[in-house]
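This report refers to the structure that appears directly beneath it.
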There are 2 protein chains.
Amino acid sequence: MKLSKQFPLNALRVFEAVARHGSFTKAGDELGMTQTAVSYQVKLLEENIGEPLFLRRPRHIALTDAGERLAPKVTEAFAMLHEAVATVRGASEETLLIHSTPTFASQWMARRLGSFHLRHPATAVRLITSDTLIDFARESADIAIRSGKGNWPGLTCHRLMTIDFTPMLSPQLVASSGGINHPRDLLKLRLIDAGDPWWATWFEAAGVADPDLAGRPRSRLGAQSFEASAAIAGQGVAILTPEFYRDDLAAGRLVQPFPLVCRDDDWDYWLAYPENRRNVPKIKAFRNWILEEMNDGGTGA
Amino acid sequence: MKLSKQFPLNALRVFEAVARHGSFTKAGDELGMTQTAVSYQVKLLEENIGEPLFLRRPRHIALTDAGERLAPKVTEAFAMLHEAVATVRGASEETLLIHSTPTFASQWMARRLGSFHLRHPATAVRLITSDTLIDFARESADIAIRSGKGNWPGLTCHRLMTIDFTPMLSPQLVASSGGINHPRDLLKLRLIDAGDPWWATWFEAAGVADPDLAGRPRSRLGAQSFEASAAIAGQGVAILTPEFYRDDLAAGRLVQPFPLVCRDDDWDYWLAYPENRRNVPKIKAFRNWILEEMNDGGTGA
DNA sequence: TGGATGCATAAAGAGAACTTATCCATGAAG
DNA sequence: CTTCATGGATAAGTTCTCTTTATGCATCCA
């Protein structure tokens with residue numbers, strides 16, 4: 001059976017408006033429908049309840065006893081319903097739930113979120129980090145920042161940055177190693193996670209043949225930021241994304257010995273969110289903000 | 001714009017059921033619809049609110065924060081709505097509003113309503129008398145008892161009784177007049193409301209030619225029961241409906257001198273109510289009761 | 001008396017809501 | 001480790017609610 005037959009909700013809403021206005025026509029105006037439709041719905045409700053709700057007098061209508069009894073409760077119930085929905089709609093604007101990779105979160109987001117807060121003071125941000133590719137259908141999340149190819153089905157994706165990489169090490173290590181003048185010199189040092197395929201790519205681009213990476217110790221730390229910490233501590237050379245370590249480079253905690261920067265064509269950083277939520281205000285707000293930030297950052301603002 | 005677009009009431013109801021059951025399928029069962037329809041409605045609501053309400057996990061679903069916030073209020077609001085409607089539906093059973101002609105009300109209904117109460121103790125009866133033909137659209141009324149032809153548009157009508165009439169007078173008047181042996185003898189007495197067309201009809205049927213009614217004093221008392229009172233008081237002969245004065249005849253307050261009873265073919269008593277309310281329980285109950293009473297009365301139970 | 005107001009009714013069209021059929025993923029069971 | 005059962009998503013098609021337009025009727029007002 002049709003839902004509306006069992007319990008005529010729409011008719012009740014129309015009834016409520018009519019009771020409030022004391023007029024079919026005015027209620028129709030409020031609800032954006034014709035007087036005819038209002039008449040139809042009221043009749044429907046009256047038939048469902050089995051009791052006339054209005055007395056049709058010449059130039060005005062009046063509630064019957066039954067209508068008089070029904071109206072206030074219905075008004076209250078609808079008010080409650082409206083308030084509940086409005087609350088959720090409103091509250092959903094208040095919190096933005098971001099899932100991000102740990103590296104991006106710590107190296108990029110953490111230090112820039114302040115500017116988002118400044119622009120959108122009413123929106124609280126919860127930043128959750130995980131390496132797994134979250135599923136929007138199963139996890140509570142508004143947007144995700146992921147690395148990958150940006151072709152996830154059902155998601156709208158914006159490329160945030162390409163993942164560049166180049167060797168970095170601490171200035172102290174440069175000094176103690178007697179100077180790094182040629183890419184080949186790096187091989188004299190410990191490579192933090194020599195198993196990282198980025199090394200092979202970079203050495204090849206640098207024209208260093210046969211760096212013998214396979215024989216070196218591998219110590220996958222799991223996250224780029226850990227490798228960076230190790231490099232800053234002078235424990236070796238790490239291959240890092242310069243975008244993430246601009247501050248450390250500027251502060252002299254790290255140096256980038258060669259301008260050669262490689263790019264992983266298959267793995268970029270993406271902003272992603274469900275296609276059908278592209279117009280949710282808080283998502284729109286964040287998208288605009290982060291894309292602007294990315295451009296400013298690239299041009300050095 | 002469609003009403004359901006502005007504020008998806010049906011979707012909210014579906015959401016409420018799903019939240020309660022924690023399952024699309026079970027909610028569908030409760031609402032008498034398929035799982036598919038439930039899925040559709042939930043998606044609709046989610047799109048309207050701009051926020052997912054459920055997390056679709058493999059074998060079960062869970063409310064999101066937003067859903068968690070929404071559910072209890074929605075449940076409460078719908079409970080209120082249901083209760084309000086149930087109350088009106090119920091209360092409408094409690095009171096039966098009858099409009100009746102004064103004569104029928106006082107001479108027939110008043111002394112028989114007790115038996116209706118006995119059979120339907122939960123239904124209170126309000127008996128309102130008026131001579132005007134009430135309009136169900138303008139007056140609060142469940143049923144009406146009218147005299148007429150029973151062909152009112154929009155109303156279902158049941159013939160209650162034909163309107164018979166025959167002269168009646170008090171036994172004292174019979175005695176003081178020296179006996180009433182022939183219809184012509186009535187003309188020796190005062191005719192209460194000689195202008196009543198019933199007299200002409202009756203005398204004609206009785207074979208009394210030219211009773212010269214026009215020359216007699218006319219005193220329309222307005223209601224048959226007043227004429228009856230006058231007759232009982234010995235003030236003359238009234239032409240009355242015997243059905244209404246069975247008690248008075250039995251008690252000897254009135255006598256019916258001749259068995260000749262005429263019938264007004266154009267004016268019967270009818271039970272009438274709006275066609276579309278024929279299945280309202282209290283109306284059904286009253287209809288059944290009064291029709292039975294009529295039959296019993298006719299056969300003398 | 002003629003015009004304005006307010007609701008009812010009829011007919012027809014739009015589109016929402018529901019169903020059937022099918023698919024996919026997960027968890028449980030043999 | 002298949003196979004089955006469960007629970008939901010999706011696609012396509014259909015039904016029928018709801019709405020609108022057009023019209024009528026009654027009342028009130030000038």
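All chains are named by letter (A, B, ...) in the order of the sequence lines, taking the proteins before the strands, and each is independently numbered beginning at 1. As a basis for the values below, the full set of heavy atoms in this structure was taken, side chains included, without hydrogen atoms, waters or symmetry mates.
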Practice problem: In whole angstrom, give the distance that lies between atom CE of A:Met33 and atom C1' of D:dC18. | Solution: 8 Å
Practice problem: Provide, to the nearest angstrom, the distance between the NE2 atom belonging to B:His21 and the P atom belonging to D:dG7. | Solution: 13 Å
Quiz item: If only atom types and distance count, is the side chain of A:Arg89 paired as donor or acceptor with the main-chain N or O of B:Asn48 below 3.5 Å?
Solution: yes
Quiz item: Under the 3.5 angstrom rule, does the side chain of A:Glu46 hit a backbone N or O of A:Phe54 as a donor-acceptor pair?
Solution: yes
Quiz item: Using the ring of each side chain (for Trp, its six-membered ring), is A:Trp289 parallel, tilted or perpendicular to A:Trp108, with breaks at 30° and 60°?
Solution: perpendicular
Practice problem: Can you figure out which of D:dT10, C:dT19, C:dA17 approaches the side chain of B:Lys43 most closely? | Solution: D:dT10
Self-check item: Euclidean distance, atom CZ of residue B:Phe24 to atom C1' of D:dT10 [Å, nearest integer]
Solution: 13 Å
Quiz prompt | Given DNA chain C, 5'-ward residue of the pair A:Tyr40 and A:His60, judged by closest heavy atom | solution = A:His60
Quiz item: With respect to the side chain of B:Gln35, which nucleotide from D:dA9, C:dC18, C:dC7 is positioned closest?
Solution: D:dA9
Quiz item: Between A:Asp142 and A:Leu97, is there a donor-acceptor pair closer than 3.5 Å when you use the side chain of the first and the backbone of the second?
Solution: yes
Quiz item: Of all the nucleotides listed (C:dC7, D:dG8, C:dC18), which has the minimum atom distance to the side chain of A:Ile61?
Solution: C:dC7
Practice problem: Return the value, rounded to whole Å, for the distance between atom CG of B:Leu44 and atom C1' of C:dA16. | Solution: 9 Å
Quiz item: What does B:Thr34 touch in the nucleic acid at a heavy-atom separation under 4.0 angstrom: a base, only the sugar-phosphate, or nothing?
Solution: base
Using a cutoff of under 3.5 Å, can you pull out all pairs of nitrogen or oxygen atoms linking the protein to nucleotides 24-30 of chain D, with atom names and distances?
from	atom 1	to	atom 2	distance (Å)
D:dT27	OP1	B:Arg138	NH1	3.4

Practice problem: Taking side-chain contact (heavy atoms from CB on, under 4.5 Å) as the test, write out the residues that go with B:Thr75, two or more places apart. | Solution: B:Glu16
Quiz item: Is the side chain of B:Trp267 donor-acceptor paired with the backbone N or O of B:Ile163 at a distance under 3.5 Å, no angle test?
Solution: no
Quiz item: Taking atom P of C:dC7 as reference, at what distance in whole Å does atom CD of A:Glu46 sit?
Solution: 13 Å
Practice problem: To the nearest Å, give me how far apart CG (A:Leu53) and P (C:dC7) are. | Solution: 15 Å
Quiz item: In terms of the angle between their ring planes, are B:Phe116 and B:His120 parallel, tilted or perpendicular, with boundaries placed at 30° and 60°?
Solution: tilted
Quiz item: Does the side chain of A:Ser23 get closer than 4.0 angstrom to OP1 or OP2 of C:dG6 through an N or O atom?
Solution: no
Self-check item: Side-chain N or O of B:Gln41 closer than 4.0 Å to phosphate OP1/OP2 of C:dC18
Solution: yes
Quiz item: In whole angstrom, what separates B:Arg56's CZ from C:dC23's P?
Solution: 22 Å
Self-check item: Per B:Ser39 side chain, nearest of listed nucleotides D:dT10, C:dT9, D:dT19
Solution: D:dT10
Self-check item: Interatomic distance, B:Leu55 CG vs D:dA9 P [rounded to whole Å]
Solution: 12 Å
Quiz item: Sequence neighbours excluded, which residues qualify as side-chain contact (heavy atoms from CB on, under 4.5 Å) partners of B:His158?
Solution: B:Thr156, B:Leu271, B:Tyr273, B:Arg287, B:Leu291
Quiz prompt | OP1 or OP2 of C:dC7 under 4.0 Å from side-chain N/O of A:Thr25 | solution = yes
Quiz prompt | Out of C:dG6, C:dT19, D:dT21, whichever nucleotide has its closest atom nearest the side chain of B:Ala37 | solution = C:dT19
